[in-house]
Amino acid sequence: MKNKVIVAVFSLLAMGTALFAQSPNKHYQQNKTKMDQLLNAINSMYVDSVDFDPLTDKAIDEMLKELDPHTAYIPSKDVAAMTEPLQGSFDGIGVTFQLIKDTINVMEVIIDGPSEKVGLMAGDKIIKVDDTVAVGKDISNDWVRKHLRGKKGTKVKVTVVRGRKKEPIEFIITRGAIPMYSINVSFMADSLTGYVKLERFAATSTDELKKAISSLKEQGMKNLILDLRGNGGGYLNVAFEICDQFISGKRMIVYTDNFRKTGEKYYSSADGLFEEGKLIVLVDENSASASEITSGCIQDWDRGLVVGRRTFGKGLVQKPLRLVDQSEVRLTISHYYTPTGRCIQKPYDDGLDAYFKDLQTRAKNGEYYTAENIKFPDSLKYKTPHGRVVYGGGGIMPDIFIPLDTTKYSSLFNEIVRKGVFGSFAVDYLENNRESLLKQYPKFDSRKNTKFPMNSTKNLWIMPRKRA
C-alpha cells in the first residue's frame with residue numbers, strides 16, 4: 001500500500017501542471033496539493049530511504065489502468081523499441097534472427113543492408129559478438145538487440161559458424177539504417193486483381209502503398225484486395241492518408257471527439273490513386289485501430305466490401321506524451337468515429353482482464369465460426385448512403401463473413417510452433433542442402449516461379465523473427 005501511495009503521488013507530479021491545466025474537474029487542484037503534501041512528507045520524514053524510480057513506474061501503471069484499456073505507460077528504456085516499428089527504420093546490422101537451441105540463427109539478411117555487403121548469409125549461426133560468447137542459456141532477444149544494434153557508422157565484429165565448415169568465419173560489420181517495411185507482399189492475384197498486405201500503419205506506409213498500387217497498375221490491375229488481417233494499427237494520420245487513396249471527392253474519412261469538444265475532422269482529397277475499381281478489404285479479429293478506421297470508411301461510403309471476421313473494436317485515439325525522464329505515456333484523448341457516426345470501441349466496463357480476454361470470449365461463444373453468434377443491439381445500427389446496415393460499438397462487422405479455418409491449428413501444431421521446430425528444420429535443411437539448392441535455383445526468379453502443392457504453405461506460421 002505504501003508503494004502505491006508514494007508512486008501515485010509522484011506520477012501525477014511527473015505529468016506536469018500544464019497537462020491538466022484545462023481540466024474542468026474542480027477537485028483537481030485540491031487533490032494535486034494533497035498528493036504534493038504527502039510526497040514531501042514521505043521524502044522528509046519516512047523511516048527508510050525510498051527509491052522513487054521503480055515505484056513511480058509501478059504507480060503510473062496502476063493509475064492508468066483506472067482510465068481505459070489503451071492509455072499506457074512506457075518506461076524510458078522501452079520507448080525506442082515500442083516506437084521503432086512505426087518509424088520505418090532502425091540502426092543495426094540488417095538481419096532477422098531467431099534463437100534456436102540457445103543459438104542465434106540468421107533467418108534473413110536484408111537486401112543491401114550492412115550484413116549482406118560483407119557476406120553474412122541466411123543459415124549462419126552467430127557464436128560471438130565482438131569478443132563475447134553469444135551462445136548459451138543467458139542469450140535472449142534483448143541481449144542480441146543490445147549487442148548487434150547501435151548507432152549508424154559504428155562497427156561490430158560477428159563470428160559465425162556456416163553449414164558444415166569447421167572453421168568459424170569473422171565479419172566486421174558497419175552498422176547502418178535498416179528499413180522496416182509495412183508492405184512486404186504485393187502481387188497480381190490474377191490478370192486484373194492486385195493484392196497488397198499492409199502490416200501496420202507506419203510513417204512510411206502511405207508512400208509504400210502508393211508505390212505498390214502504381215506498380216500493380218502498370219501490370220494491368222483493375223481491382224484490388226487490401227489485406228489488413230492481423231494489422232493492429234498505427235498512426236491516425238496514416239490511416240487517413242491511406243483511406244484518401246480510395247475515396248473520391250471531398251468526403252469525411254474519420255472524425256474524433258471528446259467531452260472538451262477538441263476533436264478534428266479528416267476529409268479526402270481529389271487525388272487518390274485507386275478511387276475506381278472493385279475493392280475488397282480483408283480483416284479479422286486482430287485488425288484494430290487504424291485498420292478499423294480504414295475498413296470502416298470504405299464500408300461506410302459503399303466504396304468496397306469488407307470480408308473476414310469482426311475486428312478487434314478499438315475506437316480510442318492516443319497521444320504520446322514524453323515525461324521528464326524520457327519515459328512516455330500514450331494518453332487516450334478522443335474517440336474516433338467513422339463517416340456514418342459509428343464509434344466502434346467495444347465496452348470496457350467489466351475491467352481490463354475481461355476486456356483483453358474478449359477474443360477468447362468470442363471463441364467460446366462461437367463467433368469465429370458463424371455470423372449468427374454475433375449480436376449487435378439495434379441502438380448501434382447505422383445505414384450507409386446506399387442503405388446497407390452497419391453497426392458500431394464492437395468492431396467492424398464484415399459485409400461477408402469468413403469463418404475461422406478449424407483445420408489450421410491443433411494442440412500438436414501449437415506445441416511444434418512453441419518449440420521452434422519449423423525454424424530449426426528450415427535452418428538445418430538449408431545448411432545440409434545449400435549447394436544443391438543453389439544449383440537448382442541459381443537466381444531469385446527461379447525460386448519465385450517454383451510450383452508448390454495447393455495449401456502446402458499458405459497456413460504455415462513460423463515463430464516470429466526479431467530484427468537486429
Side-chain angles (χ1 to χ4, degrees), residues 84-85 89-130 133-135 139-141 143-145 147-150 155-187 197 199 416-417 419-452 456-458 460-468:
E84 180 183 275
S89 67
F90 65 93
D91 290 346
I93 67 169
V95 299
T96 62
F97 68 91
Q98 187 175 329
L99 293 176
I100 301 175
K101 299 176 183 178
D102 73 14
T103 302
I104 307 166
N105 287 260
V106 177
M107 307 303 288
E108 178 186 7
V109 179
I110 296 174
I111 295 175
D112 293 330
S115 292
E116 187 198 43
K117 291 177 180 177
V118 299
L120 209 67
M121 299 174 66
D124 286 346
K125 298 179 185 294
I126 298 176
I127 59 172
K128 272 189 178 183
V129 177
D130 290 323
V133 174
V135 178
I139 305 302
S140 64
N141 291 327
W143 188 97
V144 178
R145 281 191 289 262
H147 287 77
L148 292 184
R149 292 189 181 186
K155 297 181 184 297
V156 59
K157 181 172 70 174
V158 174
T159 305
V160 306
V161 172
R162 176 172 295 169
R164 299 177 180 179
K165 295 181 179 179
K166 296 181 179 180
E167 293 298 321
I169 308 171
E170 289 186 358
F171 297 95
I172 303 296
I173 305 173
T174 302
R175 298 181 177 98
I178 311 302
M180 295 183 67
Y181 297 111
S182 54
I183 295 178
N184 291 307
V185 178
S186 64
F187 58 86
K197 170 68 172 174
E199 302 286 351
I416 290 173
V417 168
K419 292 186 175 180
V421 173
F422 290 127
S424 179
F425 171 80
V427 171
D428 289 343
Y429 185 85
L430 177 62
E431 286 184 357
N432 295 324
N433 298 276
R434 185 184 296 274
E435 293 181 4
S436 62
L437 287 171
L438 285 173
K439 289 179 181 178
Q440 189 175 1
Y441 309 111
K443 296 182 179 180
F444 178 77
D445 288 342
S446 60
R447 288 180 296 223
K448 186 171 65 173
N449 294 327
T450 301
K451 303 297 183 182
F452 293 97
S456 63
T457 59
K458 70 175 185 179
L460 190 62
W461 185 83
I462 307 297
M463 287 189 71
R465 303 172 183 178
K466 308 297 181 181
R467 296 181 175 90

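Between Phe171 atom CZ and Asp124 atom CG the span is 6.0 Å, to the nearest 0.5 Å. A distance of 8.0 Å separates CD1 of Ile110 from OG of Ser115, quoted to the nearest 0.5 Å. Put simply, CG on Leu430 and CG on Leu437 are 6.5 Å apart, with the number rounded to the nearest 0.5 Å. Atoms NZ and CZ, from Lys125 and Arg162 in turn, are 13.0 Å apart once rounded to the nearest 0.5 Å. Note that CD1 of Ile100 is 5.0 Å distant from CE of Met107, once rounded to the nearest 0.5 Å. If you take CD on Glu199 and CD1 on Ile183, they are separated by 9.0 Å, rounding to the nearest 0.5 Å.
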message = Determine whether Ile172 and Val118 satisfy the following criterion, side chain to side chain contact (heavy atoms under 4.5 Å, CB included), listing intermediate values before the conclusion.
response = CA-CA 8 Å; Ile172 303 296; Val118 299; over 6 Å; no
Pair Leu148-Val158, side chain to side chain contact (heavy atoms under 4.5 Å, CB included): steps then yes or no = CA-CA 9 Å; Leu148 292 184; Val158 174; 4.0 Å; yes
message = Pair Val95, Ile126 - check side chain to side chain contact (heavy atoms under 4.5 Å, CB included), show working.
response = CA-CA 11 Å; Val95 299; Ile126 298 176; 5.5 Å; no
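Taking the side chain as every heavy atom from C-beta outward, Pro114 and Leu120 never approach each other to under 4.5 Å. Residues Leu99 and Asn141 have side chains in contact (heavy-atom distance under 4.5 Å, counting atoms from C-beta outward). Residues Val156 and Arg175 are in side-chain contact: their nearest non-hydrogen atoms beyond the backbone lie under 4.5 Å apart.
For Phe187, the side-chain contact (heavy atoms from CB on, under 4.5 Å) partners two or more places apart in sequence, or in a different chain, are Val185, Ala189, Tyr195. Every residue meeting the side-chain contact (heavy atoms from CB on, under 4.5 Å) condition with Thr159, not counting sequence neighbours, appears here in chain and number order: Ile127, Lys128, Pro168, Glu170.
Taking each heavy atom of Lys439 and Pro442 in turn, the nearest pair found is O-CD, 3.7 Å.
Put simply, the side chain of Arg149 never gets that close to the backbone of Val144: no donor and acceptor are under 3.5 Å apart.
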